[in-house]
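All remarks here apply to the structure that follows.
These numbers come from the heavy atoms of this one structure, side chains and all, not from hydrogens, waters or symmetry mates. Throughout, a chain's letter reflects where its sequence line sits, starting with A, and its residues are numbered from 1.
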There are 2 protein chains.
Amino acid sequence: MCTTEDKIINASIVLFSKKGYTAVTTKEIAKEAGVSQMTLFRHFESKHNLFERSLDKFVFSPKSKALFESLEWDLEKDLNKICSSYQDVLYKNQKIILMHLKNEELNPHFEAVLYKFPNEFKKLLSNYFEEMRNRGAIIENPETLAVNFLTTSFGLFFTSLVMNKLTFDTDIQTCISNYIKIFTKCISLL
Amino acid sequence: MCTTEDKIINASIVLFSKKGYTAVTTKEIAKEAGVSQMTLFRHFESKHNLFERSLDKFVFSPKSKALFESLEWDLEKDLNKICSSYQDVLYKNQKIILMHLKNEELNPHFEAVLYKFPNEFKKLLSNYFEEMRNRGAIIENPETLAVNFLTTSFGLFFTSLVMNKLTFDTDIQTCISNYIKIFTKCISLL
DNA sequence: CCATCATGTTAGTTCTTACTAACATCATCT
DNA sequence: AGATGATGTTAGTAAGAACTAACATGATGG
């Protein structure tokens, strides 16, 4: 299957994101990974080092350039693509995001990574809306639209993540497509 | 000013929400409160007890009934009112929300409180949209609209809370009014 | 002025946790 | 078969945290 280091890193991601750095013990991580505590220290020297290595391994970055090039200048289709991609990035980094939220001392390197996504997507979307405005498809301010769109996407993602489906019975996929349908109609009509 | 117990509870709210339960020490809380550690224990017996009492004291509940009765059946005005009220509840409970996010073992009593707001507002808004649909002001599904509206509100709130204004230069108030303007035009046109 | 009460101080107990050292085991490669 | 290397085991250290006990201080109120 996978190496000892991988097993340990995987276990630590699971636990750190569930409980936060301080609340997790190395003993616990070792047990979750199915190795002895000693093995953990032999591979990673310290708990903090393990934490850093976990981060490095698990930050997932999107290929926004490829995404942008695949757009077809059809509002609903494109927004669906962009939103899916954004949700995907958020989803793939959810453990990292949770870890971030649960830790007091924030790793600067890590913060930068975390803020990269929203900003990248904002630039991408602003450009897209700008172009769409030039084509006469919409008339609203591109940046306003972009921020609105991304914040809602983030809200949807985060609601489902934090509330763990306890709030609102509508599932997230339905929410997203509803949202995009309305948003599209809306901005092309304005 | 305020009693010793208040000072301690205030300090603990600040610290628990910043770092999470495990990562905060009673020594730290005492220092932040400007009292001795002994005084803390004399008043609250244990760290966990202090935590529970902090929760009890700081959960702020909205008066949604009064809110609903104050509505004027003017879409933009009403949505602004509802959104402000929602943001206000979220804002006033932000420390609690952060505390919740940072703690592994979730207090069930507390969880219930946390999920109450979104659900309460969802019911309120659904009813509102339902009535607006009956009046012919909108045609979309009330529940869909409600979920959309609340998720975006939550997204806005949470973005500004977590990202701490590092993402997106647009400030949250502008975002909100932009959003409501667009949303209003949108659903009354559809 | 004296009793009371809240607080501070200091020292200490117990427990947990990060982390280490030394030795044991066991599979793999030569 | 024997050497090597990765892992387990056990015991232990050092630091920090929750929490306690005993005594000191200092303000308040009758």
Residue-phosphate contact under 4.0 Å: [X] side-chain N/O, [N] OP1/OP2:
X	N	answer
B/S36	C/dT7	no
A/T39	D/dT7	no
A/H43	D/dA6	no
A/T4	D/dT7	yes
B/K27	D/dA17	no

Figure out the [atom1]/[atom2] separation between [X] and [N], and round it to whole Å.
X	N	atom1	atom2	value
B/K19	D/dA17	NZ	C1'	13 Å
B/F44	D/dC19	CZ	C1'	16 Å
B/L50	D/dA17	CG	C1'	15 Å
B/E45	D/dC19	CD	C1'	12 Å
B/K7	C/dG8	NZ	C1'	12 Å
B/D6	C/dT7	CG	P	12 Å
B/F41	D/dA21	CZ	P	13 Å
B/M38	D/dA21	CE	P	8 Å

Could you tell me the separation between the CZ atom of A/F129 and the CG atom of A/L79, rounded to the nearest 0.5 Å?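 A/F129 atom CZ to A/L79 atom CG measures 5.0 Å (nearest 0.5 Å).
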N-O pairing of B/E69 and B/K65 below 4.0 Å: no
Does a salt bridge link A/E140 with B/K185, judged by any charged N lying under 4.0 Å from a carboxylate O? yes
DNA chain C: 5'-proximal contact among A/R42 and A/Q37 (nearest heavy atom):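 Of the two residues, A/Q37 wins.
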From the options C/dG8, C/dA18, D/dA18, select the nucleotide whose nearest atom is closest to the side chain of A/T25. C/dA18
B/F121 and B/Y86 aromatic ring geometry - parallel, tilted or perpendicular at 30°/60° bounds: tilted
Are more than 12 heavy atoms, taken from residues, nucleotides or ligands other than A/K27, located less than 6.0 Å from that residue's NZ atom?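 Counting neighbours around NZ of A/K27, 12 or fewer heavy atoms of other residues, nucleotides or ligands fall under 6.0 Å, so no.
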